[in-house]
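Presented below is the structure to which this report refers.
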Amino acid sequence: RAERRRACEAAAGKALAKLGTLKRRLYAYQRQGVERFLRAGRLLLADDMGLGKTTQAVAACHALFRSGRVTRGLLVVPASLKSQWLREWHETSDVAVRAVEGRPEERAEQYRAAKRGFVVIGYEQLLRDFEHVRAFDPEIVVLDEAQRIKNWATKSAQYVKALNPEYRLVLTGTPMENRLEELASLLD
């Protein structure tokens, strides 16, 4: 953990410099969130709704990609938000992104074809396509609406935690709703 932290800290300056190539400017608090993530390599971003968690995630992915720290990334979002993520991504970054959709054989081909850039999938797709996602081998995983894994015993939580990317960014407006164990599951 300490080695990862040192490596992230050492690479953060180069990645932060790439924020200047974004299509939109970040607010100071958004830049601070991105910087914190880039320095640690892991972050639970629990801003209130409407403060731009998606923009911060896109900016962090953009900075890591443009600085050469990652070449492939996975965005796991609720299926109903895939098009919103794509729209927000294109308004913020010029890095390649695609939504994985279609029949199982079409999705398998989309994972194989995505050698560089980012893919957006739903939580249910992660369960169905897990072997393809593992073969895709993302270097960063971003979870949106991460309260979907608040129960550590669910398949979604187990599959997400079975991935081993160098960078992990968890987004939620509600990190804890009922029990402290929910927060522990998100942090895990």
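When a residue number appears, it is its place in the shown sequence, counting from 1.
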Worked verdict on Leu126 versus Lys155 for side-chain contact (heavy atoms from CB on, under 4.5 Å) | CA-CA 10 Å; Leu126 178 63; Lys155 282 188 177 184; over 6 Å; no

List the steps, then state whether side-chain contact (heavy atoms from CB on, under 4.5 Å) holds for Gln56 with Leu26.
-> CA-CA 8 Å; Gln56 290 176 70; Leu26 299 177; 5.6 Å; no

Yes or no on side-chain contact (heavy atoms from CB on, under 4.5 Å) for His62 and Thr21, after CA distance, side-chain angles and deciding distance?
-> CA-CA 9 Å; His62 175 94; Thr21 63; 2.6 Å; yes

Check against side-chain contact (heavy atoms from CB on, under 4.5 Å), Val133 and Val76 = CA-CA 11 Å; Val133 171; Val76 184; over 6 Å; no

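For Tyr29, the OH atom sits in a packed shell: over 12 heavy atoms of surrounding residues, nucleotides or ligands are nearer than 6.0 Å. Atom CZ of Arg36 is surrounded by 12 or fewer heavy atoms from other residues, nucleotides or ligands within 6.0 Å. For CD of Gln32, the number of neighbouring non-hydrogen atoms (other residues, nucleotides, ligands) closer than 6.0 Å is 12 at most. Within a 6.0 Å radius of CD in Glu3, no more than 12 heavy atoms belonging to other residues, nucleotides or ligands are found.
Between Asp144 and Tyr123, the shortest heavy-atom contact is O-OH, 2.7 Å. Considering all non-hydrogen atoms of both residues, Ala15 and Ala63 come closest at O-CB, 3.2 Å. Of all heavy-atom pairs between Phe136 and Gly117, the closest is CZ-O, 4.2 Å. Scanning all heavy atoms of the two residues, the minimum distance from Ala79 to Glu124 falls at CB-OE1, 4.4 Å. Annotation for Arg168 and Phe37: closest pair O-CE1, 3.3 Å, computed over non-hydrogen atoms. What you find for Glu101 and Gln110 is that their closest heavy atoms are O-NE2, 2.5 Å.
If you take CG on Leu163 and CD1 on Ile140, they are separated by 12.5 Å, rounding to the nearest 0.5 Å. Remark: Leu143 CG to Leu45 CG distance equals 12.0 Å, nearest 0.5 Å. Atom NE2 in His90 sits 12.5 Å away from atom CH2 in Trp85 (nearest 0.5 Å). Within the model, atoms CZ of Arg134 and OH of Tyr111 stand 14.0 Å from one another, a figure rounded to the nearest 0.5 Å. Note that the OG1 atom of Thr54 and the CD atom of Gln30 stand 10.0 Å from one another [nearest 0.5 Å].
With contacts defined as side-chain heavy-atom distances shorter than 4.5 Å, the pair Val142/Phe118 does not qualify. Side chains of Leu16 and Glu35 form a contact here, defined as non-hydrogen atoms less than 4.5 Å apart. Side chains of Val77 and Glu145 form no contact here, defined as non-hydrogen atoms less than 4.5 Å apart. For the pair Leu127/Ser156, a side-chain contact is recorded, criterion being any heavy-atom separation below 4.5 Å from C-beta on. Annotation: side chain of Asp129 is not in contact with side chain of Ile121 (no heavy-atom distance under 4.5 Å). Here the side chains of Val58 and Val97 are not in contact, with every heavy-atom distance at 4.5 Å or above.
Here side-chain hydrogen bond (donor to acceptor under 3.5 Å, both in side chains) pairs that include residues 4-18, with residues two or more places apart or in two chains, are Glu9-Arg39.
With sequence neighbours excluded, the residues that form a side chain to side chain contact (heavy atoms under 4.5 Å, CB included) with Arg24 are Thr55, Glu88, Glu91, Thr92.
Remark: side-chain polar atoms of Lys82 are paired, donor with acceptor, to backbone N or O of Val100 under 3.5 angstrom. Judged by distance alone, with hydrogens and angles left aside, the side-chain atoms of Gln84 form no donor-acceptor pair with the main-chain N or O of Leu81 at under 3.5 Å. Looking at Arg116, its side chain never comes within 3.5 Å of a backbone N or O of Thr71 through a donor-acceptor pair. Remark: side-chain polar atoms of Trp89 are not paired, donor with acceptor, to backbone N or O of Arg98 under 3.5 angstrom. Formation of a donor-acceptor pair under 3.5 Å by the Arg25 side chain with backbone atoms of Gly20 is not found in this model.
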